[in-house]
Amino acid sequence: MDGRRRQPGFGGRAYELTDETPVYVISVAAQLSGLHPQTLRQYDRLGLVSPDRTAGRGRRYSARDIELLRQVQQLSQDEGINLAGIKRIIELENQVAALQARVAELSSAVEGAAAAMRQREAQVHASYRRDLVPYQDVQQASALVVWRPVPKRGE
């Protein structure tokens with residue numbers, strides 16, 4: 001499952017519920033992550049986890065935020081990494097994800113350009129006048145041809 005569900009919305013319209021949809025209030029997020037609500041507030045102040053805000057400035061956590069909170073807890077408690085180190089790890093992971101997305105985007109662009117080039121090359125080959133220049137597909141051969149000039153008379 002990709003984390004998306006269709007739910008009925010307001011006025012009979014449907015809205016998309018994904019892993020990034022902010023749905024959990026801080027008390028529920030604290031229970032799901034196994035952390036104290038005050039710890040979640042501190043992580044928000046430090047910029048480790050940045051939940052969305054409602055119009056009244058209340059925090060709303062997504063499933064992805066909950067997973068990040070669990071990761072921060074695991075790095076802090078099990079690995080002994082301080083919060084500054086965890087923040088740097090998260091920044092680097094985000095940078096890696098952005099670079100991977102960019103590589104995928106560029107790879108797709110290169111594949112598209114290569115397909116366009118092959119199509120254009122096929123059009124050029126199709127435009128050859130075969131009555132003037134016989135076209136033969138070049139095959140790889142291992143034969144060796146030795147040419148020796150015929151001696152002229154008197155030589």
Side-chain angles (χ1 to χ4, degrees), residues 1-130 133 135-143:
M1 187 167 144
D2 66 353
R4 291 189 233 163
R5 285 183 276 154
R6 301 286 287 177
Q7 297 289 332
F10 296 105
R13 294 177 296 173
Y15 63 89
E16 193 83 10
L17 183 62
T18 67
D19 288 342
E20 303 209 8
T21 305
V23 292
Y24 303 108
V25 295
I26 192 165
S27 60
V28 175
Q31 284 182 328
L32 291 172
S33 65
L35 298 169
H36 192 276
Q38 198 61 34
T39 304
L40 272 62
R41 290 183 187 95
Q42 179 185 8
Y43 288 175
D44 186 12
R45 280 192 299 275
L46 294 173
L48 293 173
V49 178
S50 300
D52 284 356
R53 299 289 185 145
T54 64
R57 302 290 298 150
R59 293 174 177 88
R60 289 291 184 271
Y61 292 85
S62 67
R64 190 169 307 254
D65 292 333
I66 302 296
E67 189 58 37
L68 185 56
L69 287 168
R70 290 178 182 154
Q71 182 184 5
V72 169
Q73 179 186 26
Q74 188 266 331
L75 288 171
S76 176
Q77 293 179 358
D78 297 343
E79 304 295 329
I81 300 173
N82 66 20
L83 295 179
I86 293 171
K87 183 174 182 177
R88 184 68 179 140
I89 289 169
I90 292 170
E91 288 170 354
L92 290 172
E93 286 177 346
N94 291 338
Q95 185 178 11
V96 166
L99 290 172
Q100 287 172 336
R102 182 69 175 142
V103 165
E105 177 185 321
L106 291 173
S107 293
S108 177
V110 166
E111 288 173 12
M117 182 187 69
R118 284 190 298 272
Q119 182 181 14
R120 180 67 183 130
E121 183 180 350
Q123 289 173 345
V124 168
H125 286 302
S127 71
Y128 292 161
R129 292 187 54 193
R130 298 196 187 323
V133 180
Y135 174 76
Q136 295 179 0
D137 196 16
V138 177
Q139 300 292 325
Q140 293 291 333
S142 60

Donor-acceptor pairs under 3.5 angstrom involving side-chain atoms of residues 97-118: please list them, not counting sequence neighbours.
residue, atom, partner, partner atom, Å
R102, NH1, E105, OE2, 2.5
S107, OG, V103, O, 2.9

Can you give me every donor-acceptor pair (side chain of residues 73-82, partner residue at least two apart or in another chain, under 3.5 Å) with its distance?
residue, atom, partner, partner atom, Å
Q74, NE2, E79, OE2, 3.2
N82, OD1, A84, N, 3.4
N82, OD1, G85, N, 2.7

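Annotation: the span from L32 atom CG to E67 atom CD amounts to 11.0 Å, rounded to 0.5 Å. Separation of atoms CG (N94) and CG (L68) is listed at 8.0 Å; rounding is to 0.5 Å.
When all heavy atoms of I90 and L48 are compared, the pair lying nearest together is CD1-O, 3.8 Å. The minimum heavy-atom distance between T18 and T21, with the atom names listed, is N-OG1, 2.8 Å. Nearest approach of S33 to I66, heavy atoms of both residues: N-CG2, 4.3 Å.
A side chain to side chain donor-acceptor pair (under 3.5 Å) check over residues 40-49, counting only residues at least two apart or in different chains, returns the pairs Q38-R41, D44-R53, D44-R59. Sorted by first and then second residue, the salt bridge (charged side-chain N to carboxylate O under 4.0 Å, His left out) pairs involving residues 24-35 (not counting sequence neighbours) form an empty list.
Within the 4.5 Å cutoff, no side-chain heavy atoms of V23 are placed close to those of R60. Within the 4.5 Å cutoff, side-chain heavy atoms of Y61 are placed close to those of V49.
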- Message: Run the side-chain contact (heavy atoms from CB on, under 4.5 Å) test on E91 and Q95 for me, step by step, so that the C-alpha distance in whole Å, both residues' side-chain angles and the decisive distance to 0.1 Å come before the verdict.
- Response: CA-CA 6 Å; E91 288 170 354; Q95 185 178 11; over 6 Å; no
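Not a single side-chain hydrogen bond (donor to acceptor under 3.5 Å, both in side chains) links Q31 to another residue, sequence neighbours left out. Residues passing the salt bridge (charged side-chain N to carboxylate O under 4.0 Å, His left out) test with E93, sequence neighbours excluded: none.
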